[in-house]
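Accompanying notes for the structure given below.
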Amino acid sequence: MDKVQLEERVKELNQLLHDTGYAYYVLDQPLVPDAVYDQYLQELIAIESEFPDLIYPDSPTQRVGGTILQGFNKVAHTYPMLSLSNAFGREDLDDFDRRIRASIGDDFSYVCELKIDGLAISLTYENGVFVRGATRGDGRVGEDITENLKTIRSIPLRLKKPVTMELRGEAYMPKKSFMALNESRVEQEEEKFANPRNAAAGSLRQLDPKIAASRNLAIFVYGIGGDGEAYQLDSHAEALDYLDELGFQTNKERKTCHSIDEVQAYIEKWTTKRPDLPYEIDGIVIKVNRYVHQQELGFTAKSPRWATAYKFPAEEVVTTLLDIELTV
Ligand SMILES: CC(C)(CNC(=O)c1ccc(Oc2ccccc2)cc1)c1ccc2c(N)nc(N)nc2n1
């Protein structure tokens, strides 16, 4: 092949690997057998190693960076990453609902989402290309962990549309990956991780992206930063569907609810079903759905008035008290 034909083949392989990667890692519906995927990847690696000028920044071969970082740079979020108020029971939910009604009336809906027990992160795309990923940090400034986030296969390196936006999501380690990781740590006589959240945080804080790549991390995106693209949409539910169209992994268990009773039913459903989930959750996030209502309700110093997190009661840690010989 001459150089022009090679460039065409590289573009074709990039597109093939993006499409098959999306089907496999985001839709969980493989388009081709793994062996075919690997064959495409090997062909692209071979051409790129011979012609480095044909390496595109969003090539799938760029997922596992080569260099070990010396440290993480600080990066300022374009929009703050706010926190959520908490609700611990039905009374708190009723108070939340009452405050909302007092402010915007009765004609509104909620969106309920599972609150993934992971690490809040922000993803920045410029003209549809993944350019930066960061931890939440203090909500305004986080750490640049782009190289580690590139290793998460469900984070698209290139979107289906050339949009510029900053997203919010939760990086997490599935329960199965957590169990396997701790088994291997016991074999290596290393300290086990206490829970999947710590394991995900520890993996994303690795300076060597190859270690992060080995940890089977995953992500659910749940919001578009500030008044970016999404605010041309009418509601949070629409924004999540828009993220699906762009090729992101959103959590499919979300539900639009039209009363706090419906929210309570959703909470009870997932309190029961929580152990069957392939990932850990620590609560349910409840958001007023329409953006006009969110803007009317506004924010406190650190969190939106239009959202709250119902937190599951802490697991009863059954502590078997030692038999204490009481000497009288
Ligand atoms: C609602 C929000 C706090 C995100 N939203 C924001 O951070 C946010 C930030 C600036 C916004 O607008 C502003 C723009 C400029 C200045 C101030 C606010 C709006 C929303 C949040 C936090 C944690 C979540 C979680 N763990 N799981 C799910 N499923 N959803 C979550 N949602």
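First listed ligand is number 1; within each ligand, the first listed atom is number 1.
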*Against heavy atoms of Pro80, which atoms of ligand 1 measure under 4.0 Å?*
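Under 4.0 Å from Pro80, ligand 1 has these atoms: 7 (O), 9 (C), 10 (C), 15 (C), 16 (C), 17 (C).
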
*State the atoms of ligand 1, each with its element, that fall below the 4.0 Å cut-off from a heavy-atom position in Glu170.*
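Every atom of ligand 1 under 4.0 Å from some heavy atom of Glu170: 26 (N).
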
_Under-4.0 Å heavy-atom contact with ligand 1, by part of Phe299 that carries it_ =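 The side chain, only.
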
I'd like to know if the side chain of [X] pairs up with that of [Y] as donor and acceptor (distance under 3.5 Å, no hydrogens or angles considered).
X      : Y      : value
Glu126 : Thr164 : no
Tyr279 : Asn251 : yes
Thr250 : Lys252 : yes

*Should we count CD of Glu191 as having more than 12 external heavy atoms under 6.0 Å?*
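Not more than 12 within 6.0 Å, no.
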
*Which option, Ile116, Ile284, Leu84, Ile286, owns the non-hydrogen atom nearest atom 22 (C) of ligand 1?*
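Considering heavy atoms of Ile116, Ile284, Leu84, Ile286, the nearest to atom 22 (C) of ligand 1 sits in Leu84.
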
*Would you tell me which option among Tyr222, Tyr79, Phe220 has the nearest heavy-atom contact to atom 4 (C) of ligand 1?*
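The nearest heavy atom belongs to Tyr222.
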
_Stepwise side chain to side chain donor-acceptor pair (under 3.5 Å) check, Arg153 with Gln249_ = CA-CA 10 Å; Arg153 294 306 195 271; Gln249 179 74 279; over 6 Å; no

*Please say whether Val285 places an N or O atom under 3.5 Å from an N or O atom belonging to ligand 1.*
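Among all N and O atoms of Val285, none is under 3.5 Å from an N or O of ligand 1.
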
*Hey, does Trp306 come in under 3.5 Å of ligand 1, counting only N/O atoms on both sides?*
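It does not: no N or O of Trp306 is found under 3.5 Å from an N or O of ligand 1.
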
*Gly223 near ligand 1 by a heavy-atom separation under 4.0 Å*: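 No, that is not the case, since the closest heavy atom of the residue is not under 4.0 Å from the ligand.
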
_Does the residue Lys287 have a heavy-atom contact with ligand 1, meaning some pair of atoms that are separated by less than 4.0 Å?_
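Within the 4.0 Å threshold, so yes.
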
*Report yes or no: is the cationic atom of Lys192 (NZ for Lys, CZ for Arg) closer than 6.0 Å to the six-membered ring centre of Phe178, at no more than 45° off its axis?*
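Geometry flag: not set, cation outside 6.0 Å or 45°.
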
_Aromatic ring proximity, centroids under 6.0 angstrom, Phe88 and Tyr310_ =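 Centroid distance Tyr310-Phe88: not below 6.0 Å, so no.
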
